[in-house]
Amino acid sequence: MRVLERLEELYAIGGGPGANRPHGSPAEDEAHQRAASWLADAGLEVEVDRHGNLFGHARAPASGEKVSGEKVSDTVSDTCWVGSHLDTVPQGGRFDGALGVVAAIEAVERVGAGSVVVFRGEEVGCIGSRALVAAGGPVPTAFLELHVEQGPVLAERDAPLGVVTGIVGYARGELVLEGRVGHAGTTPMVGREDALVAAAAEILRVRDAALAIEGAVATIGQVAVEPGGVNVIPSRVRLSLDVRAPDVARLDRLISEVRFEPSYRVEPAQFADAAPRAVRDAIAARGLPAIELPSGAGHDAGILASAGVDAAMLFVRSLNDGVSHSPDELSSDEDVALAVDVLADALAAMTR
Ligand SMILES: [Zn+2]
(Lines give C-alpha, C1' and ligand atoms only; values in the text may rest on other atoms or scores of the structure.)
Protein backbone atom coordinates (compact mmCIF):
# COMPACT_ATOMS: atom_id res chain seq x y z
CA MET A 1 0.00 0.00 0.00
CA ARG A 2 1.38 3.39 -1.05
CA VAL A 3 0.41 5.01 2.28
CA LEU A 4 2.57 2.56 4.23
CA GLU A 5 5.53 2.97 1.86
CA ARG A 6 5.35 6.73 2.27
CA LEU A 7 5.18 6.42 6.06
CA GLU A 8 8.42 4.39 5.89
CA GLU A 9 10.04 7.03 3.67
CA LEU A 10 9.14 9.80 6.12
CA TYR A 11 10.28 7.69 9.07
CA ALA A 12 13.74 7.34 7.53
CA ILE A 13 14.22 11.13 7.28
CA GLY A 14 16.28 12.54 10.15
CA GLY A 15 17.68 9.18 11.27
CA GLY A 16 16.67 6.82 14.05
CA PRO A 17 15.86 5.59 16.57
CA GLY A 18 12.29 6.74 15.99
CA ALA A 19 11.05 9.65 13.89
CA ASN A 20 13.25 12.72 14.35
CA ARG A 21 11.78 15.70 12.53
CA PRO A 22 11.45 18.42 15.19
CA HIS A 23 10.02 21.76 14.11
CA GLY A 24 12.62 23.98 12.47
CA SER A 25 15.00 21.10 11.71
CA PRO A 26 16.34 20.26 8.25
CA ALA A 27 14.41 16.98 8.63
CA GLU A 28 11.07 18.80 8.88
CA ASP A 29 12.01 20.77 5.73
CA GLU A 30 13.01 17.58 3.93
CA ALA A 31 9.70 15.93 4.87
CA HIS A 32 7.80 18.95 3.53
CA GLN A 33 9.80 18.76 0.27
CA ARG A 34 9.03 15.05 -0.05
CA ALA A 35 5.33 15.71 0.55
CA ALA A 36 5.38 18.55 -2.01
CA SER A 37 6.69 16.13 -4.63
CA TRP A 38 3.89 13.68 -3.80
CA LEU A 39 1.34 16.50 -4.12
CA ALA A 40 2.74 17.39 -7.55
CA ASP A 41 2.66 13.71 -8.58
CA ALA A 42 -1.01 13.64 -7.59
CA GLY A 43 -1.66 16.50 -10.01
CA LEU A 44 -2.37 19.00 -7.23
CA GLU A 45 -1.44 22.67 -7.30
CA VAL A 46 1.38 23.07 -4.80
CA GLU A 47 1.55 26.18 -2.63
CA VAL A 48 3.54 27.20 0.45
CA ASP A 49 2.11 30.03 2.55
CA ARG A 50 4.18 32.65 4.36
CA HIS A 51 4.05 30.60 7.57
CA GLY A 52 5.68 27.62 5.84
CA ASN A 53 2.49 25.53 5.68
CA LEU A 54 2.28 23.37 2.55
CA PHE A 55 -0.84 23.00 0.40
CA GLY A 56 -1.90 20.86 -2.53
CA HIS A 57 -5.09 22.10 -4.16
CA ALA A 58 -7.30 20.01 -6.38
CA ARG A 59 -8.38 22.16 -9.27
CA ALA A 60 -11.95 23.18 -8.51
CA PRO A 61 -14.23 21.48 -11.02
CA ALA A 62 -16.70 23.65 -12.85
CA SER A 63 -20.29 23.34 -11.69
CA GLY A 64 -21.98 20.26 -13.13
CA GLU A 65 -18.69 18.56 -14.01
CA LYS A 66 -18.39 14.93 -13.06
CA VAL A 67 -16.09 14.17 -10.13
CA SER A 68 -15.57 10.56 -9.07
CA GLY A 69 -18.68 9.64 -11.00
CA GLU A 70 -20.87 11.95 -8.95
CA LYS A 71 -22.93 14.83 -10.25
CA VAL A 72 -21.48 18.00 -8.78
CA SER A 73 -23.91 20.63 -7.58
CA ASP A 74 -23.55 24.38 -7.38
CA THR A 75 -22.42 24.08 -3.78
CA VAL A 76 -19.08 22.53 -4.75
CA SER A 77 -16.39 24.02 -2.62
CA ASP A 78 -12.71 23.36 -2.74
CA THR A 79 -12.38 24.98 0.65
CA CYS A 80 -12.45 21.67 2.49
CA TRP A 81 -8.90 21.07 3.70
CA VAL A 82 -7.58 17.67 4.71
CA GLY A 83 -4.27 17.23 6.48
CA SER A 84 -2.06 17.13 9.55
CA HIS A 85 1.62 17.77 10.34
CA LEU A 86 5.04 16.30 9.53
CA ASP A 87 7.08 17.53 12.49
CA THR A 88 7.60 15.06 15.33
CA VAL A 89 8.81 14.97 18.91
CA PRO A 90 12.39 13.67 19.21
CA GLN A 91 12.33 9.86 18.80
CA GLY A 92 8.67 9.93 17.89
CA GLY A 93 6.51 7.38 16.14
CA ARG A 94 5.80 6.45 12.55
CA PHE A 95 2.16 7.57 12.50
CA ASP A 96 1.68 10.76 14.53
CA GLY A 97 1.00 13.52 11.98
CA ALA A 98 2.57 11.67 9.06
CA LEU A 99 -0.39 9.31 8.67
CA GLY A 100 -2.78 12.26 8.42
CA VAL A 101 -0.68 13.80 5.67
CA VAL A 102 -0.16 10.75 3.46
CA ALA A 103 -3.83 9.77 3.90
CA ALA A 104 -4.93 13.30 2.93
CA ILE A 105 -2.94 13.06 -0.31
CA GLU A 106 -4.75 9.76 -1.12
CA ALA A 107 -8.15 11.24 -0.28
CA VAL A 108 -7.78 14.46 -2.28
CA GLU A 109 -6.30 12.63 -5.28
CA ARG A 110 -9.08 10.04 -5.19
CA VAL A 111 -11.95 12.49 -4.73
CA GLY A 112 -10.56 15.21 -7.00
CA ALA A 113 -11.71 18.00 -4.68
CA GLY A 114 -10.47 19.77 -1.60
CA SER A 115 -6.94 20.69 -0.56
CA VAL A 116 -4.20 18.86 1.29
CA VAL A 117 -2.62 20.93 4.06
CA VAL A 118 0.60 20.16 5.96
CA PHE A 119 0.95 22.40 8.99
CA ARG A 120 4.29 23.41 10.48
CA GLY A 121 5.35 22.79 14.05
CA GLU A 122 2.27 21.08 15.51
CA GLU A 123 4.24 19.38 18.27
CA VAL A 124 5.54 22.67 19.65
CA GLY A 125 2.17 24.41 20.01
CA CYS A 126 0.49 24.21 16.58
CA ILE A 127 2.80 26.96 15.25
CA GLY A 128 1.64 26.80 11.62
CA SER A 129 -2.11 26.69 12.15
CA ARG A 130 -1.98 29.31 14.91
CA ALA A 131 0.05 31.68 12.69
CA LEU A 132 -2.45 31.21 9.87
CA VAL A 133 -5.42 31.96 12.13
CA ALA A 134 -3.65 34.89 13.82
CA ALA A 135 -2.91 36.41 10.41
CA GLY A 136 -6.62 36.33 9.60
CA GLY A 137 -6.51 33.30 7.33
CA PRO A 138 -7.40 32.32 4.75
CA VAL A 139 -9.10 29.46 6.59
CA PRO A 140 -11.29 26.84 4.91
CA THR A 141 -14.97 26.31 5.57
CA ALA A 142 -14.22 22.75 6.68
CA PHE A 143 -11.20 20.73 7.81
CA LEU A 144 -10.73 16.98 8.18
CA GLU A 145 -7.82 15.47 10.08
CA LEU A 146 -7.02 11.79 10.32
CA HIS A 147 -4.78 11.00 13.30
CA VAL A 148 -3.76 8.05 15.44
CA GLU A 149 -5.71 7.98 18.70
CA GLN A 150 -2.57 8.01 20.88
CA GLY A 151 -4.60 6.27 23.59
CA PRO A 152 -6.23 2.91 24.38
CA VAL A 153 -9.96 3.70 24.05
CA LEU A 154 -10.65 2.35 20.54
CA ALA A 155 -8.62 -0.82 21.17
CA GLU A 156 -10.56 -1.41 24.39
CA ARG A 157 -13.85 -0.91 22.52
CA ASP A 158 -12.66 -3.24 19.72
CA ALA A 159 -13.29 -0.51 17.13
CA PRO A 160 -10.85 0.43 14.34
CA LEU A 161 -12.05 4.03 14.00
CA GLY A 162 -13.55 6.81 16.10
CA VAL A 163 -15.05 10.27 15.66
CA VAL A 164 -13.56 12.98 17.83
CA THR A 165 -16.15 15.09 19.68
CA GLY A 166 -13.72 17.86 20.52
CA ILE A 167 -10.38 18.72 22.00
CA VAL A 168 -10.07 19.15 25.71
CA GLY A 169 -9.23 22.56 27.07
CA TYR A 170 -6.40 22.94 29.52
CA ALA A 171 -4.98 25.26 32.08
CA ARG A 172 -1.51 25.49 33.61
CA GLY A 173 -0.23 27.08 36.74
CA GLU A 174 1.33 26.15 40.06
CA LEU A 175 0.62 25.49 43.68
CA VAL A 176 3.06 26.87 46.25
CA LEU A 177 3.32 25.40 49.75
CA GLU A 178 5.12 27.33 52.47
CA GLY A 179 6.78 25.78 55.52
CA ARG A 180 9.58 26.57 57.95
CA VAL A 181 13.17 25.71 57.26
CA GLY A 182 15.02 23.70 59.90
CA HIS A 183 17.90 21.34 60.64
CA ALA A 184 17.07 17.77 59.65
CA GLY A 185 18.83 16.37 62.73
CA THR A 186 17.97 18.75 65.52
CA THR A 187 14.33 19.66 64.79
CA PRO A 188 11.92 17.21 66.46
CA MET A 189 9.28 15.63 64.22
CA VAL A 190 6.46 17.06 66.29
CA GLY A 191 5.92 20.71 65.41
CA ARG A 192 7.73 20.71 62.06
CA GLU A 193 6.30 22.75 59.20
CA ASP A 194 7.63 20.68 56.32
CA ALA A 195 6.46 22.15 53.02
CA LEU A 196 7.09 18.90 51.15
CA VAL A 197 4.91 16.90 53.52
CA ALA A 198 2.15 19.47 52.92
CA ALA A 199 2.79 19.12 49.16
CA ALA A 200 2.36 15.35 49.37
CA ALA A 201 -1.18 15.85 50.69
CA GLU A 202 -1.84 18.45 47.97
CA ILE A 203 -0.74 16.06 45.20
CA LEU A 204 -3.30 13.51 46.40
CA ARG A 205 -5.98 16.20 46.73
CA VAL A 206 -5.39 17.33 43.11
CA ARG A 207 -5.70 13.75 41.89
CA ASP A 208 -8.98 13.31 43.77
CA ALA A 209 -10.39 16.58 42.37
CA ALA A 210 -9.82 15.33 38.82
CA LEU A 211 -11.15 11.86 39.62
CA ALA A 212 -14.45 13.41 40.76
CA ILE A 213 -15.09 15.10 37.37
CA GLU A 214 -15.80 12.84 34.41
CA GLY A 215 -13.33 13.24 31.58
CA ALA A 216 -11.05 15.51 33.62
CA VAL A 217 -7.35 14.92 34.21
CA ALA A 218 -4.83 16.72 36.39
CA THR A 219 -1.07 16.22 36.42
CA ILE A 220 1.74 17.50 38.62
CA GLY A 221 4.86 16.93 36.53
CA GLN A 222 7.36 19.10 38.36
CA VAL A 223 8.19 19.48 42.03
CA ALA A 224 10.70 22.18 43.07
CA VAL A 225 11.86 21.91 46.67
CA GLU A 226 13.57 24.82 48.46
CA PRO A 227 16.16 25.16 49.75
CA GLY A 228 16.82 21.65 48.45
CA GLY A 229 19.41 20.34 50.91
CA VAL A 230 19.39 16.65 51.85
CA ASN A 231 19.64 17.63 55.53
CA VAL A 232 17.30 20.65 55.49
CA ILE A 233 13.56 20.69 56.19
CA PRO A 234 11.89 22.07 53.02
CA SER A 235 10.60 25.63 53.48
CA ARG A 236 8.88 26.01 50.14
CA VAL A 237 7.61 23.66 47.44
CA ARG A 238 6.32 24.60 43.99
CA LEU A 239 4.09 22.10 42.20
CA SER A 240 3.45 22.51 38.48
CA LEU A 241 -0.16 21.97 37.39
CA ASP A 242 -1.61 20.83 34.07
CA VAL A 243 -5.38 20.29 34.23
CA ARG A 244 -7.64 19.36 31.31
CA ALA A 245 -11.36 18.88 30.73
CA PRO A 246 -13.60 18.37 27.69
CA ASP A 247 -15.76 21.49 28.07
CA VAL A 248 -15.68 24.94 29.64
CA ALA A 249 -18.00 24.06 32.55
CA ARG A 250 -15.88 21.11 33.62
CA LEU A 251 -12.61 23.00 33.10
CA ASP A 252 -13.90 25.87 35.27
CA ARG A 253 -15.01 23.44 37.96
CA LEU A 254 -11.68 21.61 37.91
CA ILE A 255 -9.71 24.86 38.25
CA SER A 256 -11.85 26.00 41.16
CA GLU A 257 -11.62 22.64 42.93
CA VAL A 258 -7.87 22.36 42.46
CA ARG A 259 -7.77 25.97 43.76
CA PHE A 260 -5.19 27.70 41.58
CA GLU A 261 -4.87 30.75 39.33
CA PRO A 262 -4.06 29.60 35.79
CA SER A 263 -1.12 31.37 34.19
CA TYR A 264 -2.07 29.88 30.81
CA ARG A 265 -5.38 28.60 29.52
CA VAL A 266 -6.57 27.14 26.21
CA GLU A 267 -10.32 26.79 25.74
CA PRO A 268 -11.83 23.44 24.71
CA ALA A 269 -12.84 23.08 21.04
CA GLN A 270 -16.04 21.27 20.08
CA PHE A 271 -16.50 19.43 16.80
CA ALA A 272 -20.25 19.43 16.22
CA ASP A 273 -21.07 20.57 12.70
CA ALA A 274 -21.38 18.94 9.25
CA ALA A 275 -17.76 17.68 9.07
CA PRO A 276 -17.93 15.38 12.13
CA ARG A 277 -21.33 14.15 10.91
CA ALA A 278 -19.77 13.30 7.54
CA VAL A 279 -17.02 11.34 9.30
CA ARG A 280 -19.54 9.52 11.51
CA ASP A 281 -21.73 8.65 8.50
CA ALA A 282 -18.73 7.42 6.51
CA ILE A 283 -17.76 5.06 9.36
CA ALA A 284 -21.34 3.82 9.83
CA ALA A 285 -21.77 3.28 6.07
CA ARG A 286 -19.06 0.63 6.29
CA GLY A 287 -20.93 -1.20 9.04
CA LEU A 288 -18.46 -0.15 11.72
CA PRO A 289 -19.27 1.26 15.15
CA ALA A 290 -18.85 5.04 15.14
CA ILE A 291 -17.29 5.44 18.57
CA GLU A 292 -17.28 9.03 19.83
CA LEU A 293 -14.42 10.21 22.00
CA PRO A 294 -12.73 13.46 23.00
CA SER A 295 -9.07 14.13 22.26
CA GLY A 296 -6.88 14.68 25.30
CA ALA A 297 -4.09 16.04 23.11
CA GLY A 298 -4.07 19.30 21.16
CA HIS A 299 -4.27 19.24 17.35
CA ASP A 300 -4.38 21.71 14.46
CA ALA A 301 -8.08 20.80 14.05
CA GLY A 302 -8.73 22.38 17.45
CA ILE A 303 -7.03 25.63 16.41
CA LEU A 304 -9.14 25.80 13.24
CA ALA A 305 -12.35 24.92 15.12
CA SER A 306 -11.69 27.80 17.51
CA ALA A 307 -11.45 30.07 14.45
CA GLY A 308 -14.92 29.02 13.34
CA VAL A 309 -13.94 26.30 10.86
CA ASP A 310 -16.24 23.24 10.63
CA ALA A 311 -13.51 20.85 11.79
CA ALA A 312 -13.56 17.11 12.34
CA MET A 313 -11.08 14.44 13.35
CA LEU A 314 -11.06 10.75 12.53
CA PHE A 315 -9.07 8.64 14.96
CA VAL A 316 -7.54 5.31 14.00
CA ARG A 317 -7.00 2.66 16.67
CA SER A 318 -3.60 2.71 18.40
CA LEU A 319 -2.09 -0.65 19.39
CA ASN A 320 0.56 -1.35 22.06
CA ASP A 321 -1.74 0.09 24.78
CA GLY A 322 -2.06 3.35 22.86
CA VAL A 323 1.59 4.36 23.25
CA SER A 324 2.55 7.43 21.21
CA HIS A 325 5.46 9.89 20.90
CA SER A 326 7.56 6.73 20.82
CA PRO A 327 8.96 4.39 18.17
CA ASP A 328 6.56 1.78 19.64
CA GLU A 329 3.57 3.73 18.28
CA LEU A 330 1.59 1.28 16.12
CA SER A 331 -1.60 0.95 14.08
CA SER A 332 -2.41 -2.05 11.88
CA ASP A 333 -2.17 -1.98 8.08
CA GLU A 334 -5.86 -2.96 7.87
CA ASP A 335 -6.97 -0.12 10.16
CA VAL A 336 -4.87 2.37 8.21
CA ALA A 337 -6.41 1.25 4.91
CA LEU A 338 -9.89 1.53 6.38
CA ALA A 339 -9.16 5.00 7.76
CA VAL A 340 -7.97 6.25 4.37
CA ASP A 341 -11.18 4.97 2.76
CA VAL A 342 -13.38 6.66 5.39
CA LEU A 343 -11.41 9.90 5.10
CA ALA A 344 -11.95 9.92 1.33
CA ASP A 345 -15.67 9.17 1.78
CA ALA A 346 -16.04 12.04 4.25
CA LEU A 347 -14.18 14.41 1.92
CA ALA A 348 -16.42 13.35 -0.97
CA ALA A 349 -19.48 14.07 1.16
CA MET A 350 -18.13 17.48 2.20
CA THR A 351 -17.26 18.57 -1.36
CA ARG A 352 -20.28 17.13 -3.19
ZN1 LIG B 1 0.02 14.76 15.89
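Numbers for residues simply follow the sequence, beginning at 1. All ligand and atom numbering here is 1-based and tracks the order in the structure.
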Practice prompt. Answer yes or no as to whether an N/O/S atom of Glu123 is found below 2.8 Å from the Zn ion (ligand 1).
Written response: no

Discussion item. Can you see whether Tyr11 has Arg94 sitting over its ring - NZ or CZ less than 6.0 Å from the centre and within 45° of the normal?
Written reply: yes

Discussion item. From the N, O or S atoms in Asp96, identify the one nearest to the Zn ion (ligand 1).
Written reply: OD1

Worksheet entry | Glu202 bridged to Arg205 by N-O distance under 4.0 Å | yes

Practice prompt. May I ask you to check whether His299 brings an N, O or S atom to under 2.8 Å from the Zn ion (ligand 1)?
Written response: no

Item to complete: Take Val163 and Ile291, measure what side chain to side chain contact (heavy atoms under 4.5 Å, CB included) needs, and give me the verdict at the end.
Response: CA-CA 6 Å; Val163 191; Ile291 306 290; over 6 Å; no

Worksheet item: Any salt bridge between Arg110 and Asp341, counting N to O under 4.0 Å?
Response: yes

